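Below, read A as the first sequence line, B as the second, and so on, with proteins coming before strands; counting in each chain starts at 1. All values derive from a computational prediction rather than experimental measurement.
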2 protein chains.
Amino acid sequence: MEDSSYNLFNRIPKDKRERLLHASIEEFAEHGFHQASINRLVNRLGIAKGSIFRYFGSKERLFAFVFDYAIELVKARLRGIRDITKEMPFFQRLKSILWVGINFVEQHPSIYRLYLKMIFQENFPLRDELLRKVHLMSAEYLTSLVRDSISKGEIRNDLDVDFVVFFLNSMLDRFLQAYTVAFWDAGTGIYKAPQEELLRKVDHFVSVIEKGLAIHE
Amino acid sequence: MEDSSYNLFNRIPKDKRERLLHASIEEFAEHGFHQASINRLVNRLGIAKGSIFRYFGSKERLFAFVFDYAIELVKARLRGIRDITKEMPFFQRLKSILWVGINFVEQHPSIYRLYLKMIFQENFPLRDELLRKVHLMSAEYLTSLVRDSISKGEIRNDLDVDFVVFFLNSMLDRFLQAYTVAFWDAGTGIYKAPQEELLRKVDHFVSVIEKGLAIHE
DNA sequence: CTTTAGAATGACCACGTGGTCACCAACGGA
DNA sequence: TCCGTTGGTGACCACGTGGTCATTCTAAAG
């Protein structure tokens, strides 16, 4: 399936491979695809430019490789939390997922930044294909949660599943954005907040998702 | 305050000025700042490259000019709807605002795309300054609405204003994104939906904001 | 110690970029 | 008709890019 350049990259020493992988994510996360510079990358790494092209063939294929790697990380994490929270009530489960998300972007900030860049920079190469991967993953994930909860009678059934998934997806994503991107915080104090504070915000947040903004009677 | 190049641009024939303005928005909206090409722009327009630099001095100043123009358009529209909806109940008012947003991105799709690019492409020139302008505008706007509604007892008062504003901002923005960017639609059918269908979606959407996802008892 | 296969290298290439500036065209006043 | 001023022009420049490939290095085999 994969060609020889892929194999070549997989055969180089492990620490070099990881340094290269990490630095590439950084470069793409910081500058997007087109503004990312192979020259800058190899200078930072102390590796010859030719090597990059021997390993990956082109800037585009390097990017695809890096992105696939990132997706795998996310998938693994999501699978984990899904299994662990299987028995929780829905809104409790939501909180856990949000926490996992926060931990992930904390641990891999540049991967999340890469994802954000990807979405809004329309002329990425392979954009549609890669986005489809991401979207399928998160939609499938949330869809199964939501179906479960509707059948258990935990949430409204006058909305179609897709709509609820869209809503949740939006909210979770936006919360993470507020946590990572100072601009989106908008005075809420979510941005890089300390644990306990963040916990309270998550509670507030999910409570609004659960009960809405209107006053209960 | 402004230098002579600005005045020069304002003195050229009106139709040329508008063609140039429009084409510039297109170019930046499609490619972001760095990937936008002055060569491509002038070729499309049939204007000499030198003229652009006589009018604006640099690519950066051209961009700033274009962006300011876009902001003015948005502001005007927002002012309008605020006054018109002054006496409506809060969640009714939200719907109107959403409608106005939809109409705006319908009428000026490239301005909205420019805004999205701007947000996630971190190395835009003047990014922080321009984002602050945008953010101030929308936050001030929503903040005053929310304060009103809290004092009228229309929405929960156990959340701080900033948090509610953040929530609303996120939701409105995301709805517009789903309407403009196919990817964000995610199976909800919001993307470029026809009027009647959209009306129903807006109702659903605001109803969730109002009452939440949980079942009422 | 010599041979040799294959990985690493970086000078080099063609290209597209933002920006410049010497020149040109047009036009109003004399 | 001539001149002077002013806006318009596009060939040109230095630069940084993604990508190439002849050469050098390395290390295992004979």
Side-chain angles (χ1 to χ4, degrees), chain A residues 2-21 23-24 26-28 30-67 117 121 123-127, chain B residues 2-21 23-24 26-28 30-67 117 121 123-127:
Chain A
E2 288 291 352
D3 56 0
S4 59
S5 60
Y6 171 86
N7 293 323
L8 182 54
F9 174 69
N10 266 21
R11 236 181 283 123
I12 66 177
K14 193 179 168 191
D15 62 326
K16 190 178 178 183
R17 217 166 59 213
E18 278 173 2
R19 254 167 37 86
L20 175 49
L21 202 49
S24 303
E26 274 296 327
E27 180 67 22
F28 284 123
E30 188 157 352
H31 301 283
F33 180 79
H34 292 287
Q35 277 293 110
S37 159
I38 303 287
N39 288 332
R40 194 165 36 207
L41 178 66
V42 296
N43 283 342
R44 230 183 277 182
L45 280 169
I47 288 179
K49 179 148 69 159
S51 301
I52 300 286
F53 288 92
R54 276 176 75 39
Y55 298 155
F56 299 101
S58 70
K59 188 184 182 182
E60 199 168 304
R61 295 245 289 284
L62 167 62
F63 176 73
F65 186 87
V66 160
F67 200 82
K117 279 267 167 53
Q121 210 163 6
N123 41 358
F124 261 76
L126 310 170
R127 184 176 181 265
Chain B
E2 288 292 352
D3 57 0
S4 59
S5 59
Y6 170 85
N7 293 322
L8 181 54
F9 174 71
N10 266 21
R11 235 181 284 121
I12 66 177
K14 193 178 168 190
D15 63 327
K16 189 178 177 182
R17 217 166 58 213
E18 279 174 0
R19 251 166 39 88
L20 175 49
L21 202 50
S24 303
E26 273 297 326
E27 181 66 21
F28 284 124
E30 189 158 352
H31 301 282
F33 180 78
H34 293 287
Q35 276 294 110
S37 159
I38 303 286
N39 289 332
R40 196 165 35 206
L41 178 67
V42 296
N43 284 341
R44 228 182 279 182
L45 280 169
I47 290 179
K49 180 147 72 159
S51 300
I52 300 286
F53 289 91
R54 276 173 96 4
Y55 298 155
F56 298 102
S58 72
K59 188 185 182 184
E60 198 169 307
R61 295 245 290 284
L62 167 62
F63 177 74
F65 186 87
V66 160
F67 201 82
K117 279 267 167 52
Q121 210 162 8
N123 42 358
F124 259 75
L126 310 170
R127 186 176 180 266

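The two atoms that bring Leu126(A) and Ala64(A) nearest to each other are CD1-CB, 3.7 Å, heavy atoms only. Residues Phe53(A) and Lys59(A) approach most closely at CE2-N, 4.1 Å, considering heavy atoms.
One finds the CG atom of Leu62(A) at 9.0 Å from the CG atom of Leu21(A) (value rounded to the nearest 0.5 Å). For the atom pair CG of Leu45(B) and CG of Leu41(B), the computed distance is 5.0 Å after rounding to the nearest 0.5 Å. From Phe63(A), atom CZ reaches atom CZ of Phe28(A) across 6.5 Å, with rounding to the nearest 0.5 Å.
If you check residues 30-45 of chain B against DNA chain D, you find no residue with a heavy atom closer than 4.0 Å.
Lys49(A) comes within 4.0 angstrom of a base, heavy atoms only.
Between Ser51(A) and dA8(C) there is no side-chain polar atom (N or O) within less than 4.0 angstrom of OP1 or OP2.
Between Tyr55(B) and Phe65(B), a ring centre-to-centre spacing not shorter than 6.0 Å is recorded.
Atoms CZ (Arg54(B)) and C1' (dT20(C)) sit 12 Å apart, rounded to a whole Å. The CG atom of Leu20(A) sits 11 Å away from the P atom of dA8(C) (whole-angstrom rounding).
Nucleotides of DNA chain D with any atom under 4.0 Å from a heavy atom of chain B span, from 5' to 3', dG7(D) to dG10(D).
With hydrogens and angles ignored, the 3.5 Å screen pairs no side-chain donor or acceptor of Arg17(B) with any backbone N or O of Phe9(B).
Remark: Arg40(B) engages Glu27(B), His31(B), Ser37(B), Arg44(B) in a side-chain contact (heavy atoms from CB on, under 4.5 Å) (not counting sequence neighbours).
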